[in-house]
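Working notes for the structure below.
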Amino acid sequence: MSILKLKPSCKDYLWGGQRLAEEYGIEYNGEILAEAWELSCHPDGPSMIANGPFAGKTLKEYIDMEGREVLGRHCRRFRDFPILIKFIDAKQNLSVQVHPNNQYALRNEGQFGKTEMWYVMDAKEGAFLYYGFKREVSREEFARRIQEDTLLEVLHAVPVQKGDVLFIESGTIHAIGQDIMIAEIQQNSNVTYRVYDYGRVGKDGKKRDLHIEKALAVTKRVPIVKNSSYPHVADCDYFTVDKLNLDGRMMKKMEGMVTEDSFVSILVLDGEGRITSGEESLTYRKGDSLFLPAGSGAYQIEGSCDALVTSIREKAGPVRIGIDIGGRNTKIGLVDVAQKFLAYREIPFDTEKTPKETLEEIGAAVLTLLEEKQIALDQCVSVGIGAAGTVLRDQGVIAYSNNIKWDHVPAAEILSKILPLPIHAANNGDCAALGEAAAGAARGYQDVLMLTIGRGVGSGLILDGKIYERRKGGSTELGHMVIAENGRMCTCGRKGCLEAYVSTTAVRKETEETLGRPMELQELFALAGEGDKAAQLVTENYIRKLGTGIVNMINSFRPQAVIIGGNLAEAGDEWLEPLRKLVEENCFGGENSEIPEIEPAALGRKAGVIGAANLV
C-alpha cells in the first residue's frame, strides 16, 4: 500500500475554536477543537489510518507491522518516529512558552525537546504572535518581568498574514496570538514550559501551572536572527518542508518521487483533487493528511491545492557514539564521518556494580563528554556497544560474558533510557575487526579476520563488509578453537583452546613456569630479542600455537586480511615475519591459494570503539 490517508487525534484546549471542524472537515463532536494532530505517533495523540487494509490501526501500529523500512534510510538515526504535524486554531491567545533542547528535555522530562516551524494558514487583520525578544535581556530581568507581569513588553510582536513561515528553534520564546490558524511541523515531542498565561484558569477552575525555573534554564534571551531555508519552506535535521501549489488551471498536475531515503507527508491546506501512486489512486480535499511510505516510487497529484510536503533529509555532520565495554575499563568515543575521534574517554569497570548501574554510569559519561565538547545530543545519530562474550545483536542483549560476568543483560534497553538514539550491540571482537576495516590496517578489505590478544583472545569476522553472525545471534569465538587435544585448561572449561596458549594470562603462567617469573608479551619478546635462549623457545612455541590457530581460521573463512591486535600488536614486530612464514607454509593450497595479508592492528585500543560507532 503506497498512500495512507490519516485521521487526526483531536485536542480541546481551552483557547481553541471550531474552524478546523467547520472549514477543514475534521470529524469532531466537541465544542472546542484547538488542535488536530494530523501525523503523529506520539502516545499523547496518535493519528489513525482511515483507508485500505490498515484502516483503524494507528500509524505506529502500521509502522510496527510493516517495519521501519517504511520510514526510510534517513530515519534510521531516530529511535522513535521523528516528527509530529498538526493544525492549530487559536481563537484566543496561547500561553507564552518555550521548548527545551534535546539534552535538557531528556535529563528532566525523559523525552526529546522540540524544534518546530509554523506556516500561517489564515490570520485576521491585525493578528500577531510573539517570536523571541526585542532586545537581549539578562536572566535576572527575564525572571523579574515574569514575576511583575511585564514580560510582554520585551517580547517581539510579529504581525502575520496567510503564507508567513516562522522557524522556532528550541529555546525560542514564542506564543501564537488569537485569530490565527497555523500548520505546525515539529519534533515528536510534547514538552512545553509555560511562562505567562494571561491569568487564565483550566477546566478545574485553577490557574494553569507555570514552569518558570525550567524556562529560565533553557530560554535564549536574545533577538532571533532569521536564516533562509531556500529553496525549502523550512529545513533542519528533523524535517524538510516544501510548498506545493496547484491552481487547477496553469498548474494542475505535479509529479514527485518517494525514494527509499524518506517517507513523504502531504498536508493539504486548501483545494481538492486526486493523488495516484502506482496502481493506487484516491481523492483528497482541504484538511487531509497523506502518508507515502519510503520506496513508494513515483506519485502524481492532480487538481487544485495548497499543501506542505514534508520529508526527512540526511543528517548534516553526524556524530556516532562508540562504546567498548571490557573487563578492566570501558572506552567511549565520539566519532565523525571521517572516522576521526571528536572525543575519547576511558572509565574503569567496577565489578561491584550491577550491569544496570554500569550502563547508567556509561550513559551519564557519554552525556558529560558531549557537554564538555559542546556537541548537542541531536547531532548524534546512533550508539554502538561492543562487549566481550555472546551478544544477541537483534535484541541488544549481552547474553553471556565470562570476562565481565554478565548474563542476559538488556544493554540497549537500559542505555536507551539515557541515550534515546538507535542503539546497536555486538561482540567487541567483531567491533575491533569492523573498526580496523573502517579506518585501520584492513581498510579497503571486505573480508577480514581479526584476533585481539589480551587476557582472553577475542575474534572478529567481517565477510562482504558485514559482521558475520550466526543464525541465532552471537558471534565467532575463535579464541576457543581447540588446537591441542587434552591440552591446557581454558577459562571456558574446555581443554586445548587457542586462548589457553596465546592470551596474556597464558603467557604469564608459562613464563613463570619456564623463566621463573610472569612476563607480559612485550617483555618476553624483548628478552628473546636480546638472545635469551629460554625466552626464544617460549616465543617460538607461542608463534607456532598462534599460527596453527590462524591457519585453521584461514582454511575455514579465506579472509583477505588477518589483523592481530591487543597486547601482541604492542609487543614490537619480531613475531610478524615468522608468523607470516608459518601461515604461508601451512595454509591449504599453499602458493596456489590466496594467502591473506597478516598485519598488526593500526588503531590499538581504540579499534573496538570505532567499530562500535560503525554498527548499523
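One-based numbering along the sequence shown.
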Any side-chain heavy-atom pair of [X] and [Y] under 4.5 Å:
X	Y	answer
Ser382	Leu421	no
Val337	Pro318	yes
Asp324	Cys431	no
Leu478	Phe557	yes
Gln186	His99	no
Pro596	Ile554	yes
Glu436	Val448	no
Ser416	Arg79	yes

Step by step, work out the side-chain hydrogen bond (donor to acceptor under 3.5 Å, both in side chains) result for Asp44 and Asn190.
-> CA-CA 8 Å; Asp44 291 348; Asn190 201 24; 2.9 Å; yes
Would you say [atom1] of [X] has more than 12 non-hydrogen atoms from neighbouring residues, nucleotides or ligands within 6.0 angstrom?
X	atom1	result
Glu260	CD	no
Glu372	CD	yes
Lys60	NZ	no
Phe341	CZ	yes
Arg328	CZ	no
Glu574	CD	yes
Arg558	CZ	yes

Looking at every non-hydrogen atom in both residues, tell me the closest pair between [X] and [Y] and how far apart they are.
X	Y	answer
Ile483	Gly549	CG2-CA, 4.0 Å
Arg107	Leu367	NH2-CB, 3.2 Å
Gly396	Ala425	CA-CB, 4.1 Å
Ala432	Thr452	CB-OG1, 4.0 Å
Leu359	Trp406	CG-CH2, 4.1 Å
Pro100	Val218	CB-CG1, 3.9 Å

Under the 3.5 angstrom rule, does the side chain of [X] hit a backbone N or O of [Y] as a donor-acceptor pair?
X	Y	result
Gln395	Pro410	no
Asp235	Thr240	no
Asp532	Ala535	yes
Asn188	Phe81	yes
His74	Ser262	no
Glu357	Thr354	yes
Arg320	Asp336	yes
Asn329	Ile347	no
Glu116	Ile168	no
Glu594	Gln560	no

If you measure from [atom1] on [X] to [atom2] on [Y], what distance do you get to the nearest 0.5 Å?
X	Y	atom1	atom2	result
Glu599	Ile564	CD	CD1	10.0 Å
Leu342	Ile321	CG	CD1	11.0 Å
Leu377	Leu106	CG	CG	5.5 Å
Cys236	Ile312	SG	CD1	8.0 Å
Leu59	Asp64	CG	CG	9.5 Å
His424	Asp394	NE2	CG	12.5 Å

From CA spacing to verdict: side chain to side chain contact (heavy atoms under 4.5 Å, CB included), Met553, Leu451 | CA-CA 10 Å; Met553 297 173 201; Leu451 295 180; 3.9 Å; yes
SB check [X] [Y] (cutoff 4.0 Å):
X	Y	answer
Asp237	Arg313	yes
Arg580	Glu577	yes
Glu510	Lys545	no

Ring geometry between Tyr542 and Phe525 (parallel below 30°, tilted from 30 to 60°, perpendicular above 60°) =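 Rings of Phe525 and Tyr542: perpendicular, as their planes differ by over 60°.
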Relative to the ring of Tyr193, is the ring of Tyr104 parallel (under 30°), tilted (30 to 60°) or perpendicular (over 60°)?
->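 Ring orientation of Tyr104 relative to Tyr193: perpendicular.
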List the steps, then state whether side chain to side chain contact (heavy atoms under 4.5 Å, CB included) holds for Met489 with Lys495.
-> CA-CA 4 Å; Met489 180 62 69; Lys495 291 183 177 181; 3.7 Å; yes
Stepwise side-chain hydrogen bond (donor to acceptor under 3.5 Å, both in side chains) test for Asp378 and Gln187 = CA-CA 11 Å; Asp378 54 18; Gln187 281 182 266; 5.5 Å; no
Where do Lys315 and Gln379 land on the side chain to side chain contact (heavy atoms under 4.5 Å, CB included) test, with the steps shown first?
-> CA-CA 8 Å; Lys315 176 75 174 178; Gln379 198 63 30; 3.7 Å; yes
Aromatic ring proximity Phe112/Tyr238, centre distance under 6.0 Å =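 Aromatic pair excluded; centres sit 6.0 Å or further apart.
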Looking at Ile362, Ile325, Val391, which one forms a side-chain contact (heavy atoms from CB on, under 4.5 Å) with Ile385?
->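 Answer to the side-chain contact (heavy atoms from CB on, under 4.5 Å) test with Ile385 among Ile362, Ile325, Val391: Ile325.
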For the side-chain contact (heavy atoms from CB on, under 4.5 Å) test, which of Thr115, Val191, Thr219 pairs with Ser170?
->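 Going through the options one by one, the only one that passes is Thr115.
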Tell me, with the steps shown, if Gln111 and Asp80 meet side chain to side chain contact (heavy atoms under 4.5 Å, CB included).
-> CA-CA 10 Å; Gln111 60 175 305; Asp80 304 314; over 6 Å; no
